[in-house]
Amino acid sequence: FHVVGGAAAANAYENFRIYDKQMPQLCYMIGELYSRTPNKEQARKFFYLAKTSKASNIMLQRQSENRLDDLKEGEKKR
């Protein structure tokens, strides 16, 4: 699997019908894809959506919070 860029992830997010209970996991995965590109702001956006979704479970909320912290730490090191 090769990540072409965040645009492909965003396109998939916008063009496919996803059920509410699947949305937090999808947002987390898109955040992961964006975190591997220069577009960290989009990564933060999707991790935040995964964290704050009412359908998100506690484990995914914690993972999303950890990834948001990782991004914040990465910015401090620059």
[atom1]/[X] to [atom2]/[Y] distance, rounded to the nearest 0.5 angstrom?
X     : Y     : atom1 : atom2 : result
Ser53 : Gln25 : OG    : CD    : 8.5 Å
Ser35 : Ile30 : OG    : CD1   : 12.0 Å
Leu26 : Phe46 : CG    : CZ    : 8.0 Å
Met59 : Tyr28 : CE    : OH    : 10.0 Å

Side chain of [X], backbone of [Y]: donor and acceptor closer than 3.5 Å?
X     : Y     : result
Ser56 : Ala50 : yes
Thr52 : Tyr48 : yes
Lys21 : Ala55 : no

For Leu68 against Lys51, the heavy-atom pair lying closest together: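 Reported closest heavy-atom pair: CD1-CD, 4.0 Å.
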Which atom of Glu41 lies closest to which atom of Arg44, heavy atoms considered: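 Shortest heavy-atom contact: OE1-NH2, 2.9 Å.
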Please examine the side chains of [Y] and [X], heavy atoms only from C-beta on, and report whether any two atoms are closer than 4.5 Å.
X     : Y     : value
Phe47 : Glu32 : yes
Glu65 : Arg62 : no
Lys40 : Tyr34 : no

Set of salt bridge (Lys or Arg N to Asp or Glu O under 4.0 Å) partners for Asp70, sequence neighbours left out: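 Listed in chain order: Arg67.
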